[in-house]
Visitor: 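Input: one structure, supplied below.
This one's a predicted model, so the numbers in the text were calculated from it and none came from an experiment. Values reported hereafter were calculated over all heavy atoms of this structure, with side chains retained and with hydrogens, waters and symmetry mates removed.
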Amino acid sequence: MKKIFYEIPEGFKIGASSSAWQSEGWKGKKENQVSWADAFYKSAPSKWYEGYGPTIATDFYSRYKEDIKLMNSLNLQSYRTSIDWSRFIEDYDNVIVSEDALNYYNDMINELIANNVQPIICLEHWELPDYLIQKYGGWGSRKVVDLYLRYAEKAFQAFSDRVKIWFTFNEPGVVPNLGIAEAIWYPHKVNFKESVQWNYHKVLATALTVKLFKEKGYNKDGGKIGIIQNVAQVYPRSNSEEDIKAAHMAELFADKTYLDPCIKGEFPSLLFETLEKHNCLPNYTDEDLEIIRNNTVDILGVNFYGPNRAKAKATKWNDENPFNPSYYFDSWSMPGATMNHSRGWEIYAKAFYDIAINIKNNYRNIEWMIMENGMGVHDEYKHKDLKGQIQDDYRIDYISDHLRWLFKAIKDENANCTAYHMWNFTDNVSPMNAFRNRYGFVEIDLSNNRSRRVKKSGEWIKKVIDRGGFEYKSFEDELK
């Protein structure tokens, strides 16, 4: 097999991502400072793999200096994490900042900069205070939009002198869809119309935050603000009219609900027509739509783990069931697909190239960054060598394959992607899966006080950044 050298594009950064709730733990929080994720764990800790949850997580709150030095040792150039809204604010109605949290986030950001790691901050990665869910109904309430905007301004005031890339939300549709529409996650509801209102208010909150960010001058000295969307990249089963229409409807509900209003300034007309048909339109005003139209994002974050494949509906929808988007399509698994069997997810690296073309052609070639991409593996300890280091060659192959497709899009198609962030820097807690599937460049050893040990992939990424690229099989080999 011929191997060729894939060069990192000029100015392109390689880093890692995490979130506050999946890394910090509860240390330093007051009793009332409970996030959505904390409440989810408290509601049913037995549903989380081996009982692990966000209580300690990776203990980043106490060990951030150690972890950031590790980032520096691996040459990582940027780190995206979040501010835990429920930690940062101690009085949610009056939006009073916790001095302890302010000091922690200041120190953490300063430590990143001192170690030549650019801080990238997301304002909400599923850390909505549970108090606001209990009192106001969460993102179903316009009141919560107003409180979020006030929280965002406090964060900008505190950190925008050093943080130049901000995101309003990470994967904003996941909690509304899984927690409000499908009852899989907390707060375990089945109400699609309410989930639509949650999604709509997050779009509006993004536009209002963009407006604030620019009017108050937080965009000076290169400051940018955007949103992070988990882009599924939907593929139809075939080129039949029925399958193509099904894929289009899947994309409408999965991606275009956020990408269109946040980047183009308008919701797709088909989306509102479809929601109205099923009596699921959100409450909105013409003034809201004008704000959304005039305050689009500067930058897009893209999370991608695997493609979404759709086919025409095989059986007629039972109208006695509550409406959800699968009214219009069925999911489809492609025979012979390469799979990550730990997660049951398809691995399809070419999707990076297809995402790049979609953003270029349909979303004004906006600047974008891969903010999450990674491979969660169960029982990863089985891959340790005699010295105890995890030999995760599968992760190296996974990242290499995705990056070469991304670099091809940048080189051949002028894709405007400027960074890649692997999920995660260390192994981390995920909803219900907890530490079952491991993602990090660095192992978290739960049997040894959460000690850290760099995996083979961590040593590999250091060399990639040092060398300015990596060797991998050529595209030509796949055509033979």
Side-chain angles (χ1 to χ4, degrees), residues 2-17 74-80 117-118 120 164-165 167 222 224-235 251 255 259 262-264 296-307 347-375 395-423 441 457 460-479:
K2 179 183 176 183
K3 289 192 174 183
I4 63 173
F5 188 78
Y6 292 92
E7 185 176 359
I8 299 173
E10 184 178 355
F12 188 91
K13 290 189 175 182
I14 294 179
S17 283
L74 300 185
N75 292 333
L76 296 184
Q77 297 161 305
S78 51
Y79 180 63
R80 185 269 288 183
V117 180
Q118 181 183 11
I120 298 174
K164 297 303 174 186
I165 299 178
F167 291 100
K224 299 174 185 177
I225 189 164
I227 192 168
I228 303 170
Q229 172 70 1
N230 48 317
V231 176
Q233 193 59 28
V234 184
Y235 296 93
E251 182 186 27
D255 294 341
L259 295 183
C262 291
I263 300 174
K264 295 181 176 181
T296 55
V297 296
D298 305 316
I299 189 169
L300 173 67
V302 170
N303 294 353
F304 177 81
Y305 294 93
I347 298 173
Y348 190 65
K350 182 181 177 292
F352 264 16
Y353 184 88
D354 297 333
I355 289 169
I357 298 302
N358 183 29
I359 292 172
K360 178 183 175 181
N361 292 342
N362 299 311
Y363 295 101
R364 58 181 166 86
N365 207 24
I366 189 172
E367 180 186 354
W368 59 287
M369 296 178 169
I370 295 293
M371 299 310 302
E372 290 184 25
N373 175 244
M375 185 178 186
R395 183 168 289 112
I396 294 170
D397 287 344
Y398 178 97
I399 299 170
S400 300
D401 201 11
H402 282 76
L403 281 179
R404 70 186 181 124
W405 278 106
L406 184 59
F407 292 173
K408 177 178 173 61
I410 294 169
K411 179 182 176 181
D412 296 351
E413 305 293 342
N414 295 315
N416 196 14
C417 183
T418 57
Y420 172 90
H421 296 85
M422 212 271 284
W423 183 272
F441 285 129
S457 62
W460 173 81
I461 201 67
K462 173 182 171 64
K463 293 176 183 176
V464 168
I465 297 169
D466 270 340
R467 296 175 64 199
F470 58 92
E471 287 185 338
Y472 196 65
K473 64 184 179 182
S474 69
F475 290 105
E476 288 75 12
D477 288 323
E478 298 171 355
L479 300 176

Visitor: Which value, rounded to the nearest 0.5 Å, describes the distance between Lys350 atom NZ and Ile355 atom CD1?
Guide: 10.5 Å
Visitor: Nearest heavy-atom pair of Ile165 and Ile299: which atoms, and what distance?
Guide: CG2-CD1, 4.4 Å
Visitor: Please give me the minimum heavy-atom distance between Arg395 and Met422, naming the atom from each residue.
Guide: CD-CE, 4.0 Å
Visitor: Considering non-hydrogen atoms only, spot the tightest contact between Lys360 and Glu413 and give its length.
Guide: NZ-O, 2.8 Å
Visitor: Just how far is it from atom SG of Cys262 to atom CD1 of Ile228, taken to the nearest 0.5 Å?
Guide: 12.0 Å
Visitor: Within the 4.5 Å heavy-atom criterion, are Ile396 and Phe470 side-chain neighbours or not?
Guide: no
Visitor: Does anything in residues 224-233 pair up under salt bridge (charged side-chain N to carboxylate O under 4.0 Å, His left out), and if so which pairs, sequence neighbours excluded?
Guide: Lys224-Glu367
Visitor: So which heavy atom on Ile120 is nearest to which on Ser78, and how close?
Guide: CD1-CB, 4.1 Å
Visitor: Which atom pair, heavy atoms only, marks the closest approach of Phe304 to Val231?
Guide: CD1-O, 3.3 Å
Visitor: Tell me, with the steps shown, if Tyr398 and Asn373 meet side-chain contact (heavy atoms from CB on, under 4.5 Å).
Guide: CA-CA 9 Å; Tyr398 178 97; Asn373 175 244; 3.1 Å; yes
Visitor: What's the verdict on side-chain contact (heavy atoms from CB on, under 4.5 Å) for Ile461 and Asn75, showing C-alpha distance, side-chain angles and the deciding distance?
Guide: CA-CA 8 Å; Ile461 201 67; Asn75 292 333; over 6 Å; no
Visitor: As an exercise, state the distance from NZ of Lys264 to CD1 of Ile366, rounded to the nearest 0.5 Å.
Guide: 12.0 Å
Visitor: Less than 4.0 angstrom from a charged side-chain N to a carboxylate O is my criterion; do Glu7 and Lys411 meet it?
Guide: no
Visitor: Is it the case that the side chains of Tyr305 and Asn230 hold a donor-acceptor pair, with the cut-off being a distance below 3.5 Å and no angle test?
Guide: no
Visitor: Within the 4.5 Å heavy-atom criterion, are Tyr472 and Asp397 side-chain neighbours or not?
Guide: yes
Visitor: Once rounded to the nearest 0.5 Å, what's the spacing between atom CD1 of Ile347 and atom NE2 of His402?
Guide: 7.5 Å
Visitor: For Lys408, what residues pass the salt bridge (charged side-chain N to carboxylate O under 4.0 Å, His left out) criterion, not counting sequence neighbours?
Guide: Asp412
Visitor: CG/Asp401 to CG/Leu406 distance, rounded to the nearest 0.5 angstrom?
Guide: 11.5 Å
Visitor: Between Ile263 and Asn362, is any pair of side-chain heavy atoms under 4.5 Å apart?
Guide: no
Visitor: Does Asn365 use its side chain to pair, donor to acceptor, with the backbone of Asn414 at less than 3.5 Å?
Guide: yes
Visitor: Is the shortest side-chain heavy-atom distance between Ile4 and Arg404 below 4.5 Å?
Guide: no
Visitor: Is there a side-chain contact between Gln233 and Tyr348 (heavy atoms, below 4.5 Å)?
Guide: no
Visitor: Is Tyr420 close to Ile399 at the side-chain level, that is, under 4.5 Å between some pair of heavy atoms?
Guide: yes
Visitor: Applying the ring pair (Phe, Tyr, Trp, His ring centres under 6.0 Å) criterion to Phe12, which one of Phe407, Trp368, Tyr6 satisfies it?
Guide: Phe407
Visitor: Just by distance, do the side chain of Asp298 and the backbone of Ile225 share a donor-acceptor pair under 3.5 Å?
Guide: yes
Visitor: Would you sort out whether Asn303 and Trp423 count as a side-chain contact (heavy atoms from CB on, under 4.5 Å), showing the intermediate values?
Guide: CA-CA 9 Å; Asn303 294 353; Trp423 183 272; over 6 Å; no
Visitor: Using the side chain to side chain donor-acceptor pair (under 3.5 Å) definition, which of the options Gln118, Glu372, His421 pairs with Arg80?
Guide: Glu372
Visitor: Considering residues at least two apart in sequence or located in another chain, which fulfil the ring-ring contact (aromatic ring centres under 6.0 Å, His included) criterion with Phe441?
Guide: none
Visitor: For the residue pair Cys417 and Ile370, what are the closest heavy atoms and their distance?
Guide: SG-N, 4.1 Å
Visitor: Set out, in order, the CA-CA distance, both residues' side-chain angles and the distance that settles side-chain contact (heavy atoms from CB on, under 4.5 Å) for Leu76 and Ile465, then state yes or no.
Guide: CA-CA 8 Å; Leu76 296 184; Ile465 297 169; 4.2 Å; yes
